[in-house]
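Below: one structure, written as structure tokens.
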Amino acid sequence: MLKLDTLNPEQFAAVTLPAQSALILAGAGSGKTRVLTTRIAWLIQTNQVSPAGIMAVTFTNKAAKEMLTRLSSMLPINTRGMWIGTFHGLCNRLLRTHYRDAALPQTFQILDSQDQLSLIKRMLKAHNVDDEKYPAKALMYFINNAKDQGLRASQVEAYDPIERRMVELYELYDQQCQREGVVDFAELLLRSYELLSRNTPLRHHYQMRFRHILVDEFQDTNDLQYNLLKLLAGQGESGGGAIFAVGDDDQSIYAFRGANVGNMSAFERDYQVKNLIKLEQNYRSHGHILDSANFLIANNAKRLGKNLRTDAGQGEQVRVYEASSDLEEAQWIIEESKSLMNEGMGRNEIAILYRSNAQSRVIEHALFAAGIPYTVYGGLRYFQRAEVKHAIAYLQLMDNPHNDSAFMRVVNFPTRGIGARSIEQLQMAADSYGISLYAAVPYMTGKAGTVLGNFVKLIEGARFETQQLPLPELVRVVLERSTLLTHYGNEKEGADRIENLEQMVSAATQFVQEEGFGTQAPAHLGPPAQAQAGESVVFQDGIEILDGGAPLPTVMSPLSAFLSHASLEAGDAQAQAGQEALQLMTVHSAKGLEFDAVFITGLEEGLFPHESSAREADGVDEERRLMYVAITRARRRLYMSFTQQRMLHGQTRFNMKSRFFDELPDESIKWLSPRVQGNWFGGRKSTTAWDDAKFREGGSDNKIAQQITQKAGNGTGWRVGESVVHAKFGEGVIVNIEGGAGAARAQINFGSAGVKVLDLSIAKLERVGR
DNA sequence: GAATGTGGAATTTTT
DNA sequence: TTCCACATTC
């Protein structure tokens, strides 16, 4: 039963808004997902809309799943078949349903970024393009960028010869994809957009159907997604549904991949939003933590404006620690974590966050040495593993033989005597006829013809043999016939890979059950005759196609669906095992999560905010939002740390402490470490039990002591890494000291004022004390 | 066709 | 420093 009485007034207002477009500014920890799902449940329960009239869009599969789970616990309805999913997942469904109108083959396949890059490389090679001048990665970026803005090659404006060529290559790329029957991620959206904008009856159908469109993480939408929503909601046409947009402009941290926060204010304007509701009541963090977040984010100029509050009380202050080096920082984290765990805090309630992945190594190393279990987020995902991709490639070829990426991946893997020469000839033939590699095989003669012919027979044979089999068994057969299992069986390190391959059978079993393919066994029989939802549409070409409300089983074969699933949902990041472990991750991947205790590490100028952010427009603002996200992950205890020296790219760097420290409220901060005074080992007062003296004792830590000794300032009274204040240049860090006592000059990094070389006997420097 | 070497780059990430 | 892609070698 639906419980509305436990909602706070703002949440309640949002859930029960009338059927008009609304913008919900949902702060971190304000119950955003709850509002979203309760809104859906409320709309359905009050009979304002049927489940088929709802569309809810998220960015990640995880969020979509969460929404579905919560919804089914609130309402006694079957959520299967409802249009709740990621942008890409829903677009896939749309295109599958209307593949003819979208000019796609029924079995079109989805390229992941890896496949996309390899297609581009192949294409560049085939056209003899100078890969120095046009690197595959750059072209991929160019293409995706254009698509994310909704632009085809013909619509991209080129300002110089290089760009003009890029546009040509973009055009060629699209042609190649079309030949192969594959679409990349951005294409799923662009194709859907074009389909709906060109096909008026179809557009009207969906506009009439989706009375309520709910969008999660609206601040993360890109231009194309925004325009797609606009089409679906019938903006500018009559009869469109209402958009319920939920987002937080302060948590917009994906501009680098095309997200446009401006979409929030654009939405307000374009839809004349009368209902702007702010969810500012935070149910996660204690007061000092929220105060810190609020203070910090207030330094950003362009904001819709929002302040988090809590009933939880002030709680503990934020603890700030200055370490002498990255190694010491890691040691400190370990000591603090240990005492947290001794106090009874669960290991997985402690998160260690960093700005960039490279920072995890030192911490991991220290954790390993200390024997503390930990998990690092963001590794290779299941369907991205090489062996799994190989198996998938065989399946792809059976479902759509014209997928050249799949062809290239396994034509000679495991090796079957098809060498570079044969492939080259095949490539040329395919190019000259403008067909796929697979289709070009019959044109081959001689030895190449024989070996390639055998490969084709292998695929055809597998296809024939599995025609009547349910998906999991089909997978099983393919694993064997491809000889992948035998191949890895002969490898010394192949055991894990075999295990991963075996797991694919269970993945298929699970998929078939979850998606409702269980009752229909044959993989290739195609769609059954009737759709689930009643309506159907007649399209311009006179072909009647089943209503898009049907769940996947009615619009595609289990194999096609499974392959889509593998591309769209790459699977969990490895080894969820060891649940009881410290959680290491980048700040980006921490978004949406929460922990009792959080460490935000490496808070140094150049790292966080990252140096490359200075070059981008509003770059530092985005870094600040990132910091805001990091802070608001913590429930009870928050640590922040920075170091005087850090090894980065094989070089020792001396950074200033992050500017973000200056943007936090003093009363919410507790400094654990007084700023170091005087010589390195002299005036240091460490508040923790282990100190630099410990480092100087033998063991592996000895090299740190040496490193530090080297950096001492040769009796100048100053040392490298020390923070100083200059009357004109402000605060800086000594990066290097040359010459001996008396005639010493110091190289000092003043951050925005640049790096200066100053004579220590002349320049009036002051130590930074605190 | 696998093994070994070399050069270059090294935020952030989902689909 | 370390990882990766690519090239050359056996």
Side-chain angles (χ1 to χ4, degrees), chain A residues 57-64 85-92 110-118 121 125 131-132 135-137 141 144 147-148 183-190 192 216-217 220-222 224-225 252-259 326 353-362 365 377-381 383-384 412-423 487 490-492 564-571 573 585-592 602 606-616 619 622-623 625-627 629-630 646-653:
Chain A
V57 206
T58 63
F59 278 86
T60 65
N61 292 299
K62 199 176 150 203
T86 62
F87 272 103
H88 299 267
L90 296 182
C91 285
N92 180 45
I110 301 162
L111 296 179
D112 65 17
S113 330
Q114 234 178 91
D115 301 331
Q116 188 188 17
L117 186 65
S118 86
K121 280 182 183 166
K125 211 175 221 168
D131 54 358
E132 300 272 289
K137 284 235 177 80
Y141 179 81
N144 289 339
K147 288 192 180 185
D148 282 345
V183 298
D184 58 53
F185 287 130
E187 182 73 22
L188 281 171
L189 304 187
L190 183 51
S192 299
D216 190 17
E217 307 279 16
D220 288 340
T221 51
N222 64 32
L224 180 53
Q225 287 157 345
S252 159
I253 56 173
Y254 286 111
F256 70 91
R257 67 177 196 211
D326 44 354
L353 310 184
Y354 33 80
R355 173 67 240 263
S356 62
N357 285 305
Q359 287 165 253
S360 77
R361 177 170 295 116
V362 179
H365 192 83
Y377 274 62
L380 256 198
R381 302 242 229 18
F383 284 109
Q384 316 240 25
N412 196 34
F413 191 92
T415 49
R416 47 177 71 88
I418 301 178
R421 310 158 294 283
S422 305
I423 298 298
H487 171 85
N490 294 333
E491 269 196 355
K492 35 189 191 309
S564 290
H565 167 80
S567 303
L568 289 176
E569 194 168 346
M585 66 192 84
T586 62
V587 180
H588 279 94
S589 36
K591 188 171 165 219
L607 248 193
F608 200 179
H610 198 272
E611 51 202 355
S612 40
S613 71
R615 276 173 251 134
E616 288 148 30
E622 176 138 329
E623 296 286 306
R625 291 192 289 267
L626 197 51
M627 180 68 183
V629 167
R646 170 183 302 279
M647 196 66 124
L648 197 66
H649 306 325
Q651 280 179 330
T652 307
R653 308 216 329 190

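In the text below, chain A, chain B and the rest are named by the order of the sequence lines, each starting its count at 1. In what follows, every heavy atom counts, from backbone to side chain, and hydrogens, waters and symmetry copies are set aside.
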Footprint string (nucleotides 1-10 of chain C, 5' to 3'): B base within contact, S backbone only, - free, heavy atoms under 4.0 Å: BSS--S----

side-chain contact (heavy atoms from CB on, under 4.5 Å) between A:D112 and A:R381, worked out: CA-CA 12 Å; A:D112 65 17; A:R381 302 242 229 18; over 6 Å; no

Audit row: A:I110, A:L188, side-chain contact (heavy atoms from CB on, under 4.5 Å) steps and yes/no: CA-CA 8 Å; A:I110 301 162; A:L188 281 171; 4.2 Å; yes

Chi angles and distances behind the side chain to side chain donor-acceptor pair (under 3.5 Å) call for A:S612, A:H610: CA-CA 6 Å; A:S612 40; A:H610 198 272; 2.6 Å; yes

Side chain to side chain donor-acceptor pair (under 3.5 Å) between A:Q359 and A:S356, worked out: CA-CA 6 Å; A:Q359 287 165 253; A:S356 62; 3.1 Å; yes

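Residue whose closest nucleotide on DNA chain B sits further toward the 5' end, between A:E623 and A:A420: A:A420. Along DNA chain B, the nucleotide nearest A:G419 and the nucleotide nearest A:E611 are compared for position; the residue whose nucleotide lies closer to the 5' end is A:G419.
A:G417 comes within 4.0 angstrom of sugar-phosphate atoms only, judged by non-hydrogen atoms across all strands, and of no base. Heavy atoms of A:S612 sit under 4.0 angstrom from at least one base atom. Nucleic acid contact class of A:D112 (heavy atoms, under 4.0 Å, all strands): none.
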Secondary structure of DNA chain B in dot-bracket form (Watson-Crick or G-U wobble, distances below 3.5 Å, | marking inter-strand pairs): ||||||||||.....

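Taking atom P in both C:dC4 and B:dT13, one finds a spacing of 15 Å when rounded to whole Å. Of the P atoms belonging to C:dA5 and B:dT12, the separation is 15 Å, rounded to the nearest Å.
At a threshold of 4.5 Å between non-hydrogen side-chain atoms, the residues A:E622 and A:F256 count as touching. In this structure, the side chains of A:H588 and A:Y254 come closer than 4.5 Å at one or more pairs of heavy atoms.
Taking the syn range as angles within 90° of 0, the glycosidic angle of B:dT11 is syn.
Of the possible donor and acceptor atoms, one in the side chain of A:N61 sits under 3.5 Å from a partner among the backbone N and O of A:L568. Counting only distance, with no hydrogens or angles, the side chain of A:N412 and the backbone of A:R416 share a donor-acceptor pair below 3.5 Å.
Taking atom OH of residue A:Y354 and atom C1' of nucleotide B:dT12, one finds them 12 Å apart after rounding to whole Å. Rounded to whole Å, atom C1' of B:dT12 lies 10 Å from atom CD of A:E616.
A:A630 approaches A:V587 most closely through the heavy-atom pair CB-CG1, 3.6 Å. For the pair A:I418 and A:I423, the tightest heavy-atom approach, listed with the atom from each and the gap, is CG2-CD1, 3.7 Å. Across all their heavy atoms, A:A63 and A:D216 have their closest contact at CB-OD2, 4.2 Å.
Atom NZ of A:K121 sits about 6.0 Å away from atom NZ of A:K137, to the nearest 0.5 Å.
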Please tabulate the protein-to-nucleotide N/O contacts below 3.5 Å involving nucleotides 13-15 of chain B, giving atom names and distances.
from   : atom 1 : to     : atom 2 : distance (Å)
B:dT13 : OP1    : A:T586 : OG1    : 2.6
B:dT13 : OP2    : A:N357 : ND2    : 3.4
B:dT14 : OP2    : A:R381 : NH2    : 3.3
B:dT14 : O4'    : A:R257 : NH1    : 3.3
B:dT15 : OP1    : A:N61  : N      : 2.8
B:dT15 : OP1    : A:N61  : ND2    : 3.2
B:dT15 : O2     : A:H88  : NE2    : 3.4
B:dT15 : O4     : A:S113 : OG     : 2.9

Could you list, one pair per line, each protein nitrogen or oxygen that sits under 3.5 Å from a nitrogen or oxygen of nucleotides 7-9 of chain B, together with the distance?
none

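In this structure, A:Y354 has no ring pair (Phe, Tyr, Trp, His ring centres under 6.0 Å) partners at least two apart in sequence or on a different chain. For A:Y141, the ring pair (Phe, Tyr, Trp, His ring centres under 6.0 Å) criterion is met by no residue, not counting sequence neighbours.
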